[in-house]
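Right, one structure below, let's go through it.
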2 protein chains.
Amino acid sequence: MKKTRTTKAKLEIQELIAASPMALSQREIQNTLEGTCDRVTIYRVLYRLLDEGLIHKIVNTDGVIKYASCRSCTSKHDHDHIHFSCEKCQSVTCLEGVAPSYTLPEAYKVTEMNFTLSGLCPQCSS
Amino acid sequence: MKKTRTTKAKLEIQELIAASPMALSQREIQNTLEGTCDRVTIYRVLYRLLDEGLIHKIVNTDGVIKYASCRSCTSKHDHDHIHFSCEKCQSVTCLEGVAPSYTLPEAYKVTEMNFTLSGLCPQCSS
DNA sequence: TTATTTTTGCAACCTTGTTGCATTAATAGC
DNA sequence: GCTATTAATGCAACAAGGTTGCAAAAATAA
């Protein structure tokens with residue numbers, strides 16, 4: 001079992017995601033860090049953070065993957081919340097309180113859920 | 001307003017998607033057609049079919065975009081159904097009957113929904 | 001059958017994401 | 001604090017998905 005190390009890049013990326021009210025893509029992180037570390041490093045750090053359960057992954061409506069902090073999930077993960085993707089400001093946010101309900105045919109075994117609504121966020125619809 | 005034309009490529013792609021029980025990616029369509037038409041043509045035909053409301057778009061859990069026929073929606077579109085992405089056989093299918101329910105804060109204006117569950121499909125879980 | 005306009009094919013390009021490998025930097029043990 | 005070990009980084013190169021410009025080919029309208 002590999003041991004994970006605390007590095008400058010990891011700390012910076014982790015703090016950036018934790019401080020951000022919306023989910024960030026690799027590209028957005030890269031633009032914010034502005035050459036602090038390599039593009040590839042960001043991908044690898046994100047992979048590690050995911051692996052350690054510190055962030056979670058959201059597939060945006062255009063197929064781009066975004067990352068957000070795990071806030072509500074403490075000991076065990078529960079990412080059964082809705083995400084909202086604003087068509088105007090392009091932001092993707094977690095709606096932590098909102099969990100959908102649905103009834104599936106028995107035969108399906110669900111392990112993960114990805115639920116994204118798109119439209120206009122409160123800021124853009126007013 | 002541009003008028004759309006009925007071409008061989010468009011017909012073939014449309015029929016392929018209509019006949020498929022699962023959603024198809026550009027890549028999968030390309031492999032099936034085997035050189036009938038160019039890669040770029042497929043993208044452009046898919047764009048047209050989407051525009052005409054004959055197919056709908058699903059973002060898979062890995063970010064790859066897939067396309068499926070519009071079956072349940074007749075006059076007006078309603079794509080408020082769940083999609084299922086099987087981790088084993090990689091298939092993405094529409095669960096037409098299953099519509100989730102959720103309560104969103106008022107301020108959000110929803111125009112589209114993308115809900116994909118992943119896990120094992122009936123074929124793979126038995 | 002011809003004129004017009006849409007589609008197509010091709011080449012080139014961009015973006016996102018991954019891999020291999022040598023170098024650099026954390027950490028554990030002394 | 002110093003050294004050995006091993007993880008993390010940077011770089012180059014690559015792969016897949018997707019887009020754009022432009023000339024040539026096919027549908028349609030007249």
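Because only heavy atoms are used, hydrogens play no part in the values below, and waters and symmetry mates are left out as well, while side chains stay in.
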Below 3.5 Å, can you tabulate the donor-acceptor pairs from side chains in residues 35-44 of chain B to any protein atom, sequence neighbours excluded?
from: B/Thr36; atom 1: OG1; to: B/Leu33; atom 2: O; distance (Å): 2.6
from: B/Asp38; atom 1: OD2; to: B/Val40; atom 2: N; distance (Å): 3.0
from: B/Tyr43; atom 1: OH; to: B/Gln26; atom 2: OE1; distance (Å): 3.4

Donor-acceptor pairs are to be reported for all side-chain atoms of residues 110-120 of chain B against protein atoms at under 3.5 Å, with residues two or more places apart or in another chain.
from: B/Thr111; atom 1: OG1; to: A/Glu87; atom 2: OE2; distance (Å): 2.8
from: B/Thr111; atom 1: OG1; to: A/Ser118; atom 2: O; distance (Å): 3.3

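The separation between B/Gln26 atom CD and D/dA16 atom C1' is 10 Å, rounded to whole Å. The distance between atom CD of B/Gln30 and atom P of D/dG17, rounded to the nearest whole Å, is 9 Å. Atom CG in A/Asn60 sits about 12 Å away from atom P in C/dT16, given to the nearest Å. The nearest whole Å value for the distance from the CG atom in A/Leu46 to the C1' atom in C/dG17 is 11 Å. Taking atom CD1 of A/Ile58 as the reference point, atom P of C/dT16 lies 17 Å away to the nearest angstrom. To the nearest angstrom, C1' of D/dG18 lies 16 Å from NZ of B/Lys66. The CD1 atom of A/Ile42 sits 15 Å away from the C1' atom of C/dT18 (whole-angstrom rounding). When rounded to the nearest whole Å, the span between CD1 of A/Ile29 and C1' of C/dT16 equals 13 Å.
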Just the table, please: protein N/O against nucleotides 27-30 of chain C N/O, every pair under 3.5 Å.
from: C/dT27; atom 1: OP1; to: A/Thr6; atom 2: N; distance (Å): 3.1

Which atom pairs link the protein and nucleotides 11-15 of chain D when you take only N or O atoms and keep those under 3.5 Å?
from: D/dC11; atom 1: N4; to: A/Arg44; atom 2: NH2; distance (Å): 3.4

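Side chain of A/Ser20 to backbone of A/Leu16: no donor-acceptor contact under 3.5 angstrom is found.
Shown here are the side-chain hydrogen bond (donor to acceptor under 3.5 Å, both in side chains) partners of B/Tyr47, two or more places apart in sequence or in another chain: there are none. Partners of B/Thr6 under the side-chain hydrogen bond (donor to acceptor under 3.5 Å, both in side chains) rule, at least two apart in sequence or in another chain, do not exist in this structure. Every side-chain hydrogen bond (donor to acceptor under 3.5 Å, both in side chains) that A/Ser25 has, sequence neighbours left out, goes to A/Glu28.
Between B/Tyr108 and A/Phe84, the two ring planes are tilted [angle within 30° to 60°].
The hydrophobic cluster around A/Val64 extends to none of the other residues, as no ILVMFWY side-chain heavy atom falls under 4.5 Å of it. B/Ile58 shares a hydrophobic cluster with B/Val92; the chain of contacts runs through ILVMFWY side chains whose heavy atoms sit under 4.5 Å apart.
Annotation: side chain of B/Lys88 is not in contact with side chain of B/Gln90 (no heavy-atom distance under 4.5 Å). Using a 4.5 Å heavy-atom cutoff, the side chains of A/Pro100 and A/Ile82 are in contact.
Taking only side-chain nitrogens and oxygens, A/Tyr43 comes nearer than 4.0 Å to OP1 or OP2 of C/dG17. OP1 or OP2 of D/dA16 has not a single side-chain nitrogen or oxygen of B/Arg27 nearer than 4.0 Å.
Fit an axis to the five pairs at each end of the helix from C/dT1-D/dA30 to C/dC30-D/dG1 and the two axes sit 40° apart, to the nearest 10 degrees.
Listed by residue number, the members of residues 11-24 of chain A with any heavy atom below 4.0 angstrom from DNA chain C form an empty set.
Nearer the 5' end of DNA chain D, as judged by each residue's closest nucleotide, is the contact made by B/Val64, out of B/Lys8 and B/Val64.
Each of A/Asn60, A/Asp62, A/Thr93 was evaluated against A/Ser85; a single residue qualifies, A/Asn60, per the side-chain hydrogen bond (donor to acceptor under 3.5 Å, both in side chains) test.
Listed by first and then second residue, the salt bridge (charged side-chain N to carboxylate O under 4.0 Å, His left out) pairs that reach into residues 114-126 of chain A come to none, sequence neighbours excluded.
Salt-bridge check for A/Lys10 with A/Glu15: failed, with every basic side-chain N at 4.0 Å or more from each acidic carboxylate O.
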